[in-house]
Number of protein chains: 2
Amino acid sequence: LKKDNTGYDLRDLFVGSEGTLGIITAASLKLFPRPAETNVALAALPTLEDVATLFRLAESRGAQSLTAFEFMSGFTLELVTRHVPGTRLPLKETAPWYVLVELSSSEETVAETAMQRLFAEASEKHIVSDVVIGGSLAQAQALWKLRESASEAQRSEGGSIKHDVSVPVARIPEFIAAAGEAAERVCHGARPVVFGHFGDGNVHYNVTQPPGVDKAAYLALWNDMASAVHDVVASFSGSISAEHGIGQMKRSELFRFKSPIEIALMRKIKAALDPNGILNPGKVL
Amino acid sequence: LKKDNTGYDLRDLFVGSEGTLGIITAASLKLFPRPAETNVALAALPTLEDVATLFRLAESRGAQSLTAFEFMSGFTLELVTRHVPGTRLPLKETAPWYVLVELSSSEETVAETAMQRLFAEASEKHIVSDVVIGGSLAQAQALWKLRESASEAQRSEGGSIKHDVSVPVARIPEFIAAAGEAAERVCHGARPVVFGHFGDGNVHYNVTQPPGVDKAAYLALWNDMASAVHDVVASFSGSISAEHGIGQMKRSELFRFKSPIEIALMRKIKAALDPNGILNPGKVL
């Protein structure tokens, strides 16, 4: 059912409760018509403010057909092309930031035309320094592989302290600048590997160890680094867990950032639905 | 924040709780770019199955730009043009069903072109008998007024027993046939005024009294009529309140259709968050 206003929204209470309120035994999936065409482009941009400008342009010009807007720092793509076999930079020069844009349409050629128009306008405004538009399916897949290899590439570069955070979209550039300073204070020379779902405000802010440092010694900084990055997130009214949830690892951080009233409401709901505390004990709360 | 997975979804628990769990004192609104163009059409169709076919066509062809797909029975539009000043049927002949389609686009002329293509295809498939596409803003407003006057028009036709229900979209035609038989069994000659948001499966199934019958005597049938229509809704796995909520009027119906486990979970949540029962007492539960 697409519309149902009969009593409390039990479904969304259970979604994201990580098994602490009950066990989900069935789910209905909403299906969408398969697009007739998808078109993918990879663009190089001088600054994060340019990324934000391109996003607003894509949102207003590509509008409802904008199905992906992924961003990556220059260092992220450098690690991908260095460590992941079969990948290469499809642009003439490296750049501080890259964006992968996907437009979809229910009619042939509409997405491709919209993509060309989007980047014609972006070029006129001097917000992109270079762009490649994937003409074939193989080219589109090669562009997506660059983005999807970010985590794998990072593994080959030593220890990494990972954060899955979100902030209001418009504040991503400020957040990344402030988080960079915070990370540097915790560990001089640590290298942020920044990528994520720009349109969701969702940044995978992963901090890779400085070269040559002992991996275990670096990973011992996990709590200090996470605490510093999460403080920056909170100062931008962000979330310390955009998609991955709380589990056991972020429990103490949850208590640090949720208001006492929110924690109290969550505890009351947990006690009401699981009075014996037998459902996934020790998680979330 | 567009993404936040930190603990229980308290927001959606409070949304739709009708003041029984707490008082909402602030809300954030998500804004969308204003479309560069909207285009509105009113189509006449021989059967409800044709309405369903046109909806699937509009969903796949108009895709993400489909911003309204409202349906009305022939009798609904007959009452509008009979009772509401300044309205008239903008088509050559009356029809059993009408659909108001709105397409929006982020570029000029895209919505209009898509609308013309949609109805060219619908005509080829013989699912629409006539269509008018609103060229000017004034024409578009006149078409919307026909749909938005449905409730007002009904008031001039005597007593009306109203239902705000939803069923899976694909089952709307079957539901309306079965509900019509159920309404006739409760009151011979009662006249269903059927309209709603087809794409949401949301039917405002309002049953107007037979002509010449005493209004109060007809309205005394309210519980019998509602019970009969809701039984049909339940047999299609639908909702007895798609958008209006439970309040006091549908409390007993809620208990008839929710499972004992759902009622028990809702009562536990209510008791946990409002132990003294001071929040909007007597509503929902």
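Keep in mind that what you see is a predicted model, and the values were worked out from it rather than measured. In what follows, chains carry the letters A, B, and so on, assigned in the order in which the sequence lines appear, proteins first and then strands, with residues in each chain numbered from 1.
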Margin query: Heavy-atom pairs under 4.5 Å with chain B - which of A/Ser241, A/Ser17, A/Pro35 has more of them than the others?
Written below: A/Ser241
Checklist line | Top contributor to chain B contacts, counting heavy-atom pairs under 4.5 Å, from A/Leu13, A/Val167, A/Leu21 | finding: A/Leu21
Item checked: Engaged part of A/Arg34 at the chain B interface, taking heavy atoms whose separation is under 4.5 Å -> neither
Check: Side chain, backbone, both or neither: which part of B/Asp12 has an atom under 4.5 Å from a heavy atom of chain A?
Finding: both
Check: So which part of B/Leu1 gets closer than 4.5 Å to some heavy atom of chain A, the side chain, the backbone, both or neither?
Finding: side chain
Check: Of all heavy-atom pairs between B/Ala272 and A/Ala272, which one has the smallest distance, and what is that distance?
Finding: CB-CB, 3.8 Å
Notebook entry, point to check: Side chain, backbone, both or neither: which part of B/Arg11 has a heavy atom under 4.5 Å from chain A?
Noted result: neither
Next item on the list: Please flag which part of B/Lys270 lies under 4.5 Å from any non-hydrogen atom of chain A: side chain, backbone, both or neither.
Entry: both
Notebook entry, point to check: Using 4.0 Å as the upper bound for N to carboxylate O, is an ion pair formed by A/Asp200 and B/Lys2?
Noted result: no
Item checked: Interatomic spacing from CG in A/Asp9 to CD1 in B/Ile269 - rounded to 0.5 Å -> 10.0 Å
Check: So what's closer than 4.5 Å to chain B heavy atoms on A/Glu253: side chain, backbone, both or neither?
Finding: neither
Note to self: Can you confirm whether the side chains of A/Ser239 and B/Lys3 place a donor and an acceptor under 3.5 Å from each other?
What the structure shows: no
Item checked: Most contacts with chain A, counted as non-hydrogen pairs under 4.5 angstrom, among B/Ile263, B/Val284, B/Ile246 -> B/Ile246
Note to self: Which one wins on heavy-atom pair count under 4.5 Å against chain B: A/Glu18, A/Lys250, A/Lys258?
What the structure shows: A/Lys258
Margin query: Using heavy-atom distances under 4.5 Å, tell me whether A/Leu10 contacts chain B through its side chain, its backbone, both, or neither.
Written below: side chain
Next item on the list: Measure B/Leu285 against the heavy atoms of chain A and call it side chain, backbone, both or neither at under 4.5 Å.
Entry: side chain
Note to self: Under 4.5 Å from any heavy atom of chain A, what part of B/Phe14 do you find: side chain, backbone, both or neither?
What the structure shows: side chain
Next item on the list: Look up atom NE2 in A/His244 and atom OG1 in B/Thr6, then write down how far apart they are to the nearest 0.5 Å.
Entry: 14.0 Å
Next item on the list: Please report the shortest heavy-atom distance between A/Tyr8 and B/Met266, naming the atom on each side.
Entry: CE1-O, 3.4 Å
